[in-house]
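As a basis for the values below, the full set of heavy atoms in this structure was taken, side chains included, without hydrogen atoms, waters or symmetry mates. In what follows, chains are A, B, ... by sequence order, proteins preceding strands, each numbered from 1. Predicted model only: the values in this text are computed from it and were never measured.
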There are 2 protein chains.
Amino acid sequence: MMNLSIAEENYIKSIYKLEEEGQEAVTTNALANELDTKPASVTDMAKKLKEKQLISYEKYQGINLTSEGKKAALSIIRRHRLWECFLVDKLSFSWEEVHELAEELEHVRSEKLINRLSDFLGNPQIDPHGDPIPDALGKMGKPRVQTPLHKAKAKRLEVVAVSDKSTALLEFLNAKGIRLGTQLDVIERYEFDNSIELKIRNQPAFTISEQVSKNIMVKPI
Amino acid sequence: MMNLSIAEENYIKSIYKLEEEGQEAVTTNALANELDTKPASVTDMAKKLKEKQLISYEKYQGINLTSEGKKAALSIIRRHRLWECFLVDKLSFSWEEVHELAEELEHVRSEKLINRLSDFLGNPQIDPHGDPIPDALGKMGKPRVQTPLHKAKAKRLEVVAVSDKSTALLEFLNAKGIRLGTQLDVIERYEFDNSIELKIRNQPAFTISEQVSKNIMVKPI
DNA sequence: ACTTTTATTTAGATTTACCTAAACTTTATT
DNA sequence: AATAAAGTTTAGGTAAATCTAAATAAAAGT
């Protein structure tokens, strides 16, 4: 396997993520946005990654991973998710705070280290967010259907879990009638504050903040 | 604490190491050699680190860490040595192979991560090589007196351990009369192959290779 | 003290990963 | 279909960390 810089790895990972989220070809803008950088920088990197045969790319036509690129992405994702497991299971971090740390740890590229870490953790199949972990050969289970509400794409959803167990949140959800198994309809998503307007059955619609929606795990019905 | 790049951290760590090994002021050449880079690059970085007040440096006069610089060094060393403990204790790596991995892991700068890792490991005081681990406040125990023979500075030494337990090595040492507690006199160190000429008591001198001397742990008498 | 050798620094380039501003394509709107 | 808007690329530049080659300073040898 080729030797990638940290920047290159981050691009590959983001392209994989955006492809998985649905776009046929990943656009320059979407990638710039995902990586918190400028479109011009994305174009530069796209040329480099094409040169290395990790992506297919034609001017103005967007980006897709080649099979080599996918292999690389899965290896990075494997490292990321195993470190997340380690942080949560062994160092008792909460699942919300591990992402950034795993983001750094994932760039230590050593097959041996990662395979031993996996053994040490009991070869887990899913990470603390519920995402599947690719095995040493790059095989990965089905992507999870369950996502936090603020990221859900579908309009009709069912509540499957609440991740923040603070009484304040639980009381709020109770008051709104949101509990496990509740079916929600997304009426509207407001860009400016990422709040979401919801409806339950035939009851009047109401709005919840991004903070709240982040902690409601849902799956499409 | 300031935010250092990986390159800067590596310089700080090497300067600390060379200071500890005895030089009053660390020379450009020694540092270039330690970091496997060119003297010109060291001069560049010295200017930058001086700017950041981590070292004192005057043209042609060598380098020393300031107290800020020492604090930074101890923090990096703490991270490095804790990761070494983790790799050996939890992932069953052998102590010779952990250095390079720890070299990468050490650059993940998170106090919280490192303190939790330390707790998880039972707050060890020494790493797998026998070196002391600075605590969260930067306090560190006495540097170990025991070193592999190829690094020992003193001329009169006592054998305190043998790290490679292969029969081939043990037979060789036995034939030469080297065992635990044996007193050695270093007669000469040969630069070209790092071999060492030794004498035991009044017996005739003999020479051992670097390979062998790396596996003989000694302390000064 | 002078000269040679060794060590160090400067000057000028290079590479990676960015950036801004301007130019150019594609897509959407009238 | 023409034009406006949005998205993308190019051109040219910057900062970090490196390098080589040349210049300069310090140390060692005579």
Checking contacts here: which listed nucleotide ([options]) is nearest the side-chain heavy atoms of [X]?
X: Tyr60(A); options: dT25(C), dC18(C), dT8(C); answer: dT25(C)
X: Thr28(B); options: dG7(D), dT8(C), dT9(D); answer: dT8(C)
X: Thr43(B); options: dT18(D), dT8(C), dT8(D); answer: dT8(C)
X: Pro39(B); options: dT8(D), dT9(C), dC19(D); answer: dT9(C)
X: Ala40(B); options: dT10(C), dT9(D), dC18(C); answer: dT10(C)
X: Tyr11(A); options: dT8(D), dC18(C), dT18(D); answer: dC18(C)

Six-ring centre of Phe120(A), Lys90(A) cation under 6.0 angstrom, axis tolerance 45°: yes

Whole-Å distance between [N] [atom2] and [X] [atom1]?
X: Met45(A); N: dT16(C); atom1: CE; atom2: P; result: 10 Å
X: Asp44(A); N: dA21(C); atom1: CG; atom2: C1'; result: 14 Å
X: Glu8(B); N: dT18(D); atom1: CD; atom2: C1'; result: 14 Å
X: Glu34(A); N: dG7(D); atom1: CD; atom2: P; result: 17 Å
X: Asn10(B); N: dT18(D); atom1: CG; atom2: C1'; result: 14 Å
X: Glu9(A); N: dT16(C); atom1: CD; atom2: C1'; result: 15 Å
X: Leu31(A); N: dT8(D); atom1: CG; atom2: C1'; result: 13 Å
X: Asn33(B); N: dT8(C); atom1: CG; atom2: C1'; result: 15 Å

Salt bridge (Lys or Arg N to Asp or Glu O under 4.0 Å) between Glu103(A) and Lys13(A), worked out: CA-CA 11 Å; Glu103(A) 203 85 337; Lys13(A) 199 171 39 137; 3.1 Å; yes

Most 5' of Lys38(A) and Thr27(B) on DNA chain C, judged by nearest nucleotide: Thr27(B)

Stepwise side-chain hydrogen bond (donor to acceptor under 3.5 Å, both in side chains) check, Asn123(A) with Asp119(A): CA-CA 5 Å; Asn123(A) 296 302; Asp119(A) 282 348; 3.3 Å; yes

Under 3.5 Å side-chain donor-acceptor pair for His107(B) and Asn10(B): yes

Distance below 4.0 Å between Asn29(A) side-chain N/O and dA6(D) OP1 or OP2: no

Phosphate OP1/OP2 of dA26(D) contacted by Lys59(B) side-chain N/O (<4.0 Å): no

Ring centers of Phe86(B), Phe86(A) separated by less than 6.0 Å: yes

